[in-house]
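Below is one structure; the comments refer to it alone.
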Amino acid sequence: MLDHLTYTAPEPKVIAGAKGDWELVIGLEVHAQVASNAKLFSGASTTFGAEPNSNVSFVDAAMPGMLPVINEFCVAQAVRTGLGLKAAINLFSAFDRKNYFYPDLPQGYQISQLYHPIVGEGEIIVDMAPGVARRVRIERIHLEQDAGKSIHDMDPALSFVDLNRTGVALMEIVSRPDIRGPEEAAAYVAKLRQIMRYLGTCDGNMQNGNLRADVNVSVCKPGDYERFMETGDFGVLGTRCEIKNMNSLRFIQAAIDFEARRQIAILEDGGKIVQETRLYDPDRGETRSMRSKEEAHDYRYFPDPDLLPLEIEQAWVDDIAASMPELPDEKKARFVQALGLSEYDAGVLTADVESADFFEAVSAGRDGKQAANWVINELFGRLNKQGVAIGDSPVSAGQLGGVLDLIGSGEISGKMAKDLFEIVWTEGGDPAEIAAARGMKQVTDAGAIEAAVDEIIAANPAQVEKARANPKLAGWFTGQVLKATAGKANPAAVNELVAKKLGL
Ligand code: ADP
Ligand code: MG
């Protein structure tokens with residue numbers, strides 16, 4: 001199905017420094033909150049915006065003697081995500097404790113999967129423009145717990161802790177350092193979000209922090225990356241800095257751009273990049289050092305003794321695979337191949353499942369291209385202008401289909417169809433009934449059109465002479481006839497008749 005798409009490797013953004021060209025190398029660790037009603041190891045609710053500390057079980061609060069119990073649904077969601085990224089599913093995985101102190105982490109450790117993640121290598125095809133698709137490799141996805149939230153800006157003297165988020169399931173999706181520029185990084189996150197929304201495994205809400213990315217950035221000289229790809233030697237690449245917790249596609253791009261230029265300036269000045277964690281300040285448009293990079297041994301990872309290794313069966317994975325929805329790449333390819341849509345239109349229509357479903361309901365049994373035009377230009381255009389979501393569209397797929405049927409049967413002209421769409425949008429109702437009630441019917445009766453053409457020709461002899469000398473002027477007659485028939489005559493039919501009558 002995807003044969004017509006040719007993927008290229010990501011393309012390096014080149015930044016000209018004072019002493020020559022530099023290239024960017026980027027790897028992303030995306031934290032995606034698993035769409036699940038309950039937490040990863042407890043039955044507490046995950047509802048966003050609940051009263052602080054109301055969704056906290058004894059397990060989440062790390063009361064002595066409490067034991068975690070794995071939530072099967074969260075595991076299935078991670079497997080589903082892995083399958084959506086064409087990744088290897090590991091039938092054996094295990095949970096480790098990552099130890100650190102934080103006021104919003106009552107356990108004193110985070111349960112994660114360092115050594116044996118549930119999902120192995122996969123890929124994401126990142127769409128840059130129609131016909132331009134790039135392949136970014138996925139290294140792994142592991143399941144882990146989220147921490148709580150410390151609130152420092154509610155009181156001048158006190159900090160507060162909200163544990164509602166503590167223990168919520170996250171998928172950490174780690175890319176290879178295959179991303180080569182700010183635009184690719186944003187497009188990668190957008191595509192990942194789109195796939196997870198199709199799968200229903202993460203709602204992708206970045207404002208709420210349900211999808212956030214740690215962005216690793218380094219710079220190197222042309223040729224270095226190719227050597228890295230040949231040898232797998234990270235030493236060939238520059239030292240990376242990691243920008244933590246980015247939750248906006250726009251800021252991700254701005255932060256990468258700033259960070260790359262900062263590193264280039266240091267290197268060209270003869271300095272060295274220190275591997276560290278940095279934060280992006282959107283107000284000042286810069287990244288700032290947060291802490292120097294901690295090493296894995298600082299966390300004293302060890303297998304969580306409260307949890308058995310996670311062993312799943314291939315048959316269970318196969319069941320999940322069998323229930324997978326059609327994903328954006330496949331859907332887009334089908335729209336292009338089976339319905340003859342342009343890549344661009346197919347991309348717009350498959351941006352989210354609701355739009356794609358709406359389009360399919362309109363196009364079923366009708367002309368695909370015409371349906372695409374109407375859905376994109378008239379419907380989406382209008383929805384965007386008024387800030388209405390497709391789910392709340394005042395015009396249903398059935399109603400829009402009804403308008404298209406009236407065009408298809410020749411009953412109404414394209415112009416009338418737009419008026420009819422407007423009426424359906426504002427007043428609702430059945431398009432065929434509205435058209436009948438308001439006399440919206442284009443005159444296809446040849447006799448009536450002919451009479452109108454004859455009348456106009458007879459009344460304007462001078463204009464007839466001019467048109468015979470210069471056939472381009474025949475359009476004037478068509479205009480007059482359309483006016484006389486109040487726009488109900490079919491323009492193409494009128495054109496043809498005018499030319500015949502004038503002997504052109
Ligand atoms: P850690 O948890 O220590 O940050 P991970 O291996 O989980 O380490 O993630 C490292 C991320 O950084 C991956 O996405 C990887 O592709 C990326 N990365 C590694 N080396 C570089 C580099 N030199 N430049 C840019 N990104 C890099
Ligand atoms: Mg990291």
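Atoms within a ligand are numbered from 1 in the order they appear, just like the ligands themselves.
Distances from atom 18 (N) of ligand 1 to the heavy atoms of Lys98, Arg176, Arg240, Gln275 put Arg240 nearest. Between atom 24 (N) of ligand 1 and the options Ala213, Ser218, Pro177, the minimum heavy-atom separation is to Ser218.
In this structure, the side chains of Tyr198 and Lys331 come closer than 4.5 Å at one or more pairs of heavy atoms.
Between Arg134 and Glu184, at least one side-chain N (NZ, or NE/NH1/NH2) sits under 4.0 Å from a carboxylate O, which counts as a salt bridge.
When the options Arg278, Glu242, Arg262, Glu259 are evaluated for a side-chain contact (heavy atoms from CB on, under 4.5 Å) with Val217, the one that passes is Glu259.
By the criterion of a heavy-atom distance under 4.0 Å, neither the backbone nor the side chain of Asp214 is placed next to ligand 1. Under 4.0 angstrom from ligand 1, the non-hydrogen atoms of Val174 all belong to its side chain. With a 4.0 Å cut-off on non-hydrogen atoms, Val25 touches ligand 1 through its backbone as well as its side chain.
Atoms of ligand 1 found under 4.0 Å from any heavy atom of Leu237 (numbered from 1 in listed order, with element): 23 (N). Taking a cut-off of under 4.0 Å to the non-hydrogen atoms of Phe234, the atoms of ligand 1 that pass are 19 (C), 20 (N).
Of all heavy-atom pairs between Glu51 and Ser54, the closest is O-OG, 2.6 Å. Nearest heavy-atom pair across Ala185 and Ile256 is CB-CD1, 3.4 Å.
Polar contact with ligand 1: present for Asn216 (N/O pair, distance under 3.5 Å). Looking at Gly238 next to ligand 1, an N or O pair under 3.5 Å apart turns up. Checked against a 3.5 angstrom limit, the closest N/O atoms of Glu172 and ligand 1 fall outside it.
Arg135 pairs by the side chain to side chain donor-acceptor pair (under 3.5 Å) definition with Glu123, not counting sequence neighbours.
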Using a 3.5 Å cut-off and no angle test, enumerate the donor-acceptor pairs between side-chain atoms of residues 92-101 and protein atoms at least two apart in sequence or in another chain.
{"from": "Ser93", "atom 1": "OG", "to": "Gln113", "atom 2": "NE2", "distance (Å)": "3.1"}
{"from": "Asp96", "atom 1": "OD2", "to": "Leu114", "atom 2": "N", "distance (Å)": "2.8"}
{"from": "Asp96", "atom 1": "OD2", "to": "Tyr115", "atom 2": "N", "distance (Å)": "3.3"}
{"from": "Arg97", "atom 1": "NE", "to": "Asp304", "atom 2": "OD2", "distance (Å)": "3.1"}
{"from": "Arg97", "atom 1": "NH2", "to": "Tyr109", "atom 2": "OH", "distance (Å)": "3.2"}
{"from": "Arg97", "atom 1": "NH2", "to": "Asp306", "atom 2": "OD2", "distance (Å)": "3.1"}
{"from": "Asn99", "atom 1": "ND2", "to": "Tyr299", "atom 2": "O", "distance (Å)": "3.1"}
{"from": "Asn99", "atom 1": "ND2", "to": "Arg300", "atom 2": "O", "distance (Å)": "2.7"}

